[in-house]
Every structure is written in C-alpha cells, then in structure tokens.
Amino acid sequence: MEPSLPVPSLVVLVGPSGAGKSTWASARFTPSQIVSSDALRAMVGAGEDDQTAGTTAFSILEQIVTERLRRGMTTVIDTLGLDQESRRRWIGLAREADVPAHTVVFDTPGPLCMERNESRTRPIPKTVLRKQLSRFNQVREEIAGDGFDMVHVLGSESSSTGPGPISVTSEATYLAERKGHTFGLMVSSFVWDTDMGSTLADVARRAESAGFRDLWVMDHFRQIRGVGRPWEDIPEAYTALAFVAGVTEKIRLGAMVTGITHRHPIVLGKVVASLDVLSGGRANCGLGIAWDEEEHASYGIEFPPTKERYELLEETLQVLPLLWGKGTPPFAGKHIVSPGLISYPRPIQDHIPIMIGGSGEKKTLRLVARYADACNLFGDPDRVRHKVEVLSDHCAVVGRHLADIEVTHLTNALAAPDRRALRERVEKLRERNTTAETYIKRNNAGTVDELVELFAGYARAGASNSVVSIPDVASPGSIEAFADVIAGFDSP
C-alpha cells in the first residue's frame with residue numbers, strides 16, 4: 001500500500017543501493033523537496049560516487065535539512081539511511097521544528113538490488129553492496145526503536161506501524177485544505193441586451209449571493225483580443241468597481257490586473273485606497289507589467305521595454321505599502337520619485353492585498369515571493385502545479401513560507417445540474433461554426449460534479465482560489481448553477 005505521509009514532514013528513506021529509493025522519491029516529490037547525498041557529492045566532488053567528497057556533502061545535507069525543517073517544509077532525505085545515529089539526529093531536528101518524522105524502509109530483495117546495481121553505468125563494488133545488505137538486516141530490527149512517528153515498509157508485504165498519519169499526499173494539497181478553496185468571478189465582457197449599469201449591479205448581487213468571494217474586472221481601456229472586438233463596450237475598471245461597491249455588501253473587488261503603465265503608480269495607489277474606503281474595506285490590488293502595446297498606442301500611453309516595466313512594477317510594490325501606511329515618507333527610485341507619499345483617507349484595511357498577475361518563472365514569480373500577497377496563474381492543473389513549485393523555490397530563497405501567498409488561477413467555466421441542461425446551454429451559446437465538443441472544452445462546460453472534480457484538481461495543484469469567467473454571466477441561472485460548485489467546497 002502506498003504510504004500516506006503528512007505535510008509538512010520529514011521523510012527518511014532507508015535501504016541499500018538499488019532498493020529503488022531515488023526512483024520512488026522522484027515520482028512523488030518535487031526536486032526541491034529531496035535532499036540527496038549522491039546529488040550533493042556530485043556538486044562538490046567529481047561525481048555521485050566520489051567518496052572523497054562524502055564528508056563535505058553530508059555537512060551540506062545537514063545544513064539543508066536543518067533549514068528546511070525550520071521553515072516547516074517537507075524534506076525527503078535520500079541516503080542509505082543505515083546509520084542509526086544520523087537517523088536519530090534527523091528525528092531530533094524534526095522534533096525541534098514540530099514536524100512529523102516518518103521513514104520509508106525499502107525491503108527490496110537482495111538479488112534484485114544486486115541486479116540493479118550491475119545494470120548501472122558505474123556500479124558500486126559487490127562487496128560494498130553485500131555489506132549494505134547485511135547492515136540493512138540489522139536496521140530492520142532496530143528502526144522501530146528510533147522514535148519515528150511512523151515506519152512505512154515497502155516490499156513484498158508493505159505495511160505501516162505507528163500513529164495514524166494525516167491523509168495528505170502533497171504540500172499543495174495540504175495548503176489548499178488548510179486555507180480552504182474560494183472562488184472569484186471575472187466579468188470581462190459587457191455585451192448585454194439590457195443597460196450596463198443595471199445588468200452589472202444584478203450580476204454583482206447574484207455573485208455575492210452565490211458565494212463568490214471576489215468580483216474582478218479587467219483593467220483595459222478597450223476590449224482585448226480573445227474576449228471581443230476593440231469597439232465593444234468595456235467600462236473603466238475602477239469606475240466599475242466603485243459602482244459595484246455601492247450595490248453590494250461583502251464581495252471583495254479588484255482589477256485583474258492593472259497594467260503598471262496605465263496610471264502613475266502613486267495615483268493608482270490613491271485610487272485603490274479610495275476604493276477600499278468607499279467599499280468598507282473590500283479592495284484588492286492587482287498588478288502586472290501590461291502587455292497590449294496597441295492599446296497603449298491608441299491612448300497615447302508610453303509602452304516601455306519589458307525590462308523597464310519590470311523595474312517599474314518592483315518600485316510600485318515598494319511604494320504602495322508606504323503610501324498606504326503611516327506618515328509621509330519620501331521615495332526615490334529610478335522611475336518613481338516623491339518628496340512625501342501622501343494619501344488620505346487611509347485605507348480601511350490594515351493591509352490591502354496585492355496580487356501579481358503572470359507566471360514568468362525568473363522575474364514575475366520572484367517578485368511574488370518577495371512582495372505580493374497573491375499571484376494569478378493560467379493553465380491546467382499540471383501547469384499550475386509546476387508554477388507553484390517554482391514559486392515555492394523562490395519563497396525559500398527569500399525566507400518566506402509558500403502558505404503566506406494565495407495562489408489563484410483564472411479559467412472559463414460553465415456549470416449545469418445535469419447532462420441534458422448542459423447540452424441545452426451549449427447549443428444556445430456556441431457559435432454556429434464551433435462544434436459542441438470544442439465549445440465544451442474551451443469553456444470547461446460540465447455538470448456540477450464534473451466541475452467540482454476539475455477545481456479539486458486545481459486545489460491539489462496548489463491553487464487556493466479559482467477565478468472563473470462564465471460565458472453567459474448575465475443570463476438568469478448561470479451564476480446560480482455555479483453556486484452548487486462553490487457549495488462542493490468547504491470555503492471559509
């Protein structure tokens with residue numbers, strides 16, 4: 001039976017060479033979670049089998065394990081694990097960090113270990129492997145007394161002994177379950193049969209009643225490709241959000257996301273602070289580097305090179321907390337200069353949450369780890385999972401917990417109570433030159449049960465908030481059908 005491991009946890013792998021430890025670990029954990037003595041020998045020596053580098057490699061291993069456990073991060077130690085003193089020392093580190101300590105013992109038959117060893121490019125000497133197998137026989141007897149919270153044995157008769165583990169199999173799942181999974185509604189198209197004001201008010205109230213935590217609009221001055229044509233109606237983002245604030249009571253409000261070039265950053269900070277005050281403390285602040293060069297040209301807005309836009313974004317991330325905080329501190333950056341940052345009234349929230357849109361692995365997610373409260377990602381669950389792993393690595397570099405950052409993702413969704421109702425909605429909405437199958441795939445159209453399963457997949461990938469765009473959001477019943485999806489999650 002596959003071991004059920006709590007997260008975060010210390011996982012010590014125990015077994016001779018060829019037992020399958022590294023293969024098992026790489027299939028179940030991210031590279032950043034695995035601390036391998038072989039890999040460290042390769043980094044500081046001539047290769048994984050360079051025994052002269054062993055002392056240095058194990059010294060580095062101890063430092064990494066200590067630091068990861070201190071930060072509450074799942075840590076898998078991939079060594080032979082045959083030394084009892086080392087195992088007990090690692091258990092002690094886990095105890096100090098209040099992290100459960102588990103061991104996975106690979107009870108692989110000796111002949112199979114020998115066979116695997118012989119097939120390697122650089123096998124270890126047979127005499128060495130025989131000594132490991134002999135020592136492993138002793139370890140199987142003594143490991144029960146080491147003090148692990150749980151001992152999992154993988155082999156012909158797999159078993160687990162000790163206190164029952166938490167039924168969580170990944171750090172992403174742990175974070176999602178701990179935080180709860182929430183939903184936001186994106187309103188991006190305003191091509192409606194009725195007037196914009198009354199329809200937007202109706203959509204916002206229905207979203208609030210359905211259990212959506214947030215309502216988002218795009219911050220664009222003309223409609224974007226993929227949503228509509230440039231001349232289709234789209235209101236100015238913060239005017240629309242202020243209007244929604246006046247017709248709702250609790251739903252949070254934000255632009256996903258404001259291009260950093262669209263307004264002077266200090267003016268933007270004033271706008272968001274005003275929205276927070278007028279909404280009773282419900283403002284979110286979404287930021288991005290902007291991308292629509294044609295839109296900028298159409299409105300006469302400068303569109304700097306990518307490098308400069310990233311610089312401007314980082315300075316804005318530094319400026320906004322100062323602007324919203326106490327006093328009137330000066331700021332002198334490369335792109336933003338103020339002798340005294342001032343914005344009254346102050347926001348109602350002690351800290352307006354800042355979201356960064358985009359998932360660039362080298363720059364954007366690094367800025368998220370350093371400055372932001374949330375990020376917004378695109379793609380299927382596998383892509384989101386990969387981006388979360390990258391973000392986790394950036395968080396480790398700056399000494400921040402991944403759990404401190406809300407991971408959101410944006411996707412289309414169309415819910416129906418059953419297959420018949422789904423077919424009827426799809427037939428009504430799809431373009432004549434688009435097949436029903438294509439429309440369903442493009443818009444994640446499905447029954448309530450199917451969509452609960454879809455968003456559970458995003459939760460397992462590490463997203464704690466799903467922002468959905470409903471194609472016929474203004475139609476009666478569209479938001480209400482998705483309310484049943486929201487009800488399928490234990491949202492806070």
Side-chain angles (χ1 to χ4, degrees), residues 186 188 216-228 230 234 236-238 254-269 271-272 284-323 331-338 353-380 383-398 400 405-411 463 467:
M186 166 64 81
S188 54
W216 302 88
V217 297
M218 299 189 304
D219 184 26
H220 284 282
F221 304 121
R222 66 179 196 178
Q223 190 54 273
I224 64 171
R225 300 185 300 273
V227 176
I234 181 170
E236 192 279 325
Y238 289 96
M256 186 179 287
V257 287
T258 287
I260 201 60
T261 53
H262 291 180
R263 301 164 189 79
H264 190 283
I266 299 177
V267 174
L268 172 63
V271 170
V272 175
N284 293 327
C285 180
L287 300 174
I289 66 167
W291 59 269
D292 195 334
E293 189 170 2
E294 291 181 4
E295 177 183 43
H296 283 69
S298 178
Y299 279 80
I301 301 172
E302 182 182 357
F303 190 72
T306 302
K307 180 176 181 294
E308 292 184 22
R309 301 202 309 278
Y310 269 111
E311 292 173 349
L312 181 60
L313 174 59
E314 184 161 15
E315 288 189 13
T316 302
L317 293 165
Q318 297 166 355
V319 161
L320 291 182
L322 297 175
L323 178 70
F331 187 88
K334 182 178 179 181
H335 302 280
I336 305 173
V337 177
S338 172
I354 295 177
M355 167 194 283
I356 296 179
S359 53
E361 297 183 7
K362 293 183 179 180
K363 293 183 179 180
T364 303
L365 294 181
R366 177 183 62 81
L367 292 176
V368 171
R370 185 172 293 276
Y371 298 105
D373 304 289
C375 63
N376 187 62
L377 308 174
F378 297 89
D380 60 20
R383 180 174 174 81
V384 169
R385 179 180 294 104
H386 169 69
K387 298 298 181 179
V388 171
E389 291 169 359
V390 174
L391 176 59
S392 178
D393 290 340
H394 283 302
C395 286
V397 171
V398 300
R400 201 171 172 201
I405 299 171
E406 180 174 65
V407 176
T408 78
H409 75 98
L410 175 64
T411 192
V467 182

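Side-chain atoms of Asp292 and His220 form no donor-acceptor pair, as typed in the model, at a separation below 3.5 Å. No hydrogens or angles considered: nothing links the side chains of His335 and Glu308 as a donor-acceptor pair under 3.5 Å.
Between Glu315 and Pro265, every side-chain heavy-atom pair lies at or beyond the 4.5 Å cut-off. When side chains are defined from C-beta on, Val407 does not count as touching Val368, because their heavy atoms never get closer than 4.5 Å. Met355 is not listed as a side-chain neighbour of Asn284, based on a closest heavy-atom distance of 4.5 Å or more. Put simply, the side chain of Val272 reaches to within 4.5 Å of the side chain of Tyr238, judged on heavy atoms. Counting only heavy atoms from C-beta outward, the side chains of Leu268 and Leu287 approach each other to under 4.5 Å. Taking the side chain as every heavy atom from C-beta outward, Glu295 and His262 approach each other to under 4.5 Å. The shortest side-chain heavy-atom distance between Thr408 and Trp216 does not fall under the 4.5 Å cut-off. At a threshold of 4.5 Å between non-hydrogen side-chain atoms, the residues Leu312 and Ile336 count as touching.
Taking both residues in full, the closest heavy atoms of Gly358 and Thr364 are given as O-CG2, 3.6 Å, listed atom of the first, atom of the second, then distance. Of all the heavy atoms in Cys285 and Leu320, the pair that sits closest is SG-CD1, 3.9 Å. Across all their heavy atoms, Val384 and Gly379 have their closest contact at CG2-O, 3.9 Å. For the residue pair Val319 and Ile266, the shortest heavy atom distance occurs at CG1-CG1, 4.3 Å.
Rounding to the nearest 0.5 Å gives a distance of 11.0 Å between CZ of Arg370 and SG of Cys395. Atom NE2 of His409 sits about 10.5 Å away from atom CG of Asp380, to the nearest 0.5 Å. We find the CG-CZ distance between Leu391 and Arg400 to be 8.5 Å, quoted to the nearest 0.5 Å. Atom CD of Gln318 and atom CG of Leu313 lie 10.0 Å apart (nearest 0.5 Å). Residue Thr316 holds its OG1 atom at 10.5 Å from CG of Leu367, rounded to the nearest 0.5 Å. Interatomic distance, CD1 of Ile289 versus CD of Glu311, reported as 11.5 Å (0.5 Å rounding).
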Report task. Show the numbers, then the answer: is there a side chain to side chain contact (heavy atoms under 4.5 Å, CB included) between Arg383 and Ser359? Result -> CA-CA 10 Å; Arg383 180 174 174 81; Ser359 53; 4.1 Å; yes

Requested in this report: Show your reasoning for whether side chain to side chain contact (heavy atoms under 4.5 Å, CB included) applies to His394 and Ile405.
Outcome: CA-CA 12 Å; His394 283 302; Ile405 299 171; over 6 Å; no

**Report entry** side chain to side chain contact (heavy atoms under 4.5 Å, CB included) evaluation trace for Ile234 with Val227
**Finding:** CA-CA 11 Å; Ile234 181 170; Val227 176; over 6 Å; no

Query raised in the report: Could you walk me through whether Met218 and Met186 pass the side chain to side chain contact (heavy atoms under 4.5 Å, CB included) check?
Result: CA-CA 8 Å; Met218 299 189 304; Met186 166 64 81; 4.0 Å; yes

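Distance alone, capped at 3.5 Å, is enough to place a donor-acceptor pair between the Asp373 side chain and the Ile354 backbone. Not a single donor-acceptor pair under 3.5 Å links the side chain of Arg222 to the backbone N or O of Pro230. A donor-acceptor distance shorter than 3.5 angstrom exists from the side chain of Arg309 to the backbone of Ala290, with no hydrogens or angles considered.
Ion pairing between Glu389 and Arg385 fails under the 4.0 Å rule for side-chain N and carboxylate O.
In this structure, Glu361 places its CD atom where more than 12 heavy-atom neighbours from other residues, nucleotides or ligands lie under 6.0 Å away.
Relative orientation of the Phe221 and Tyr299 rings is tilted, given thresholds of 30° and 60° on the angle between their planes.
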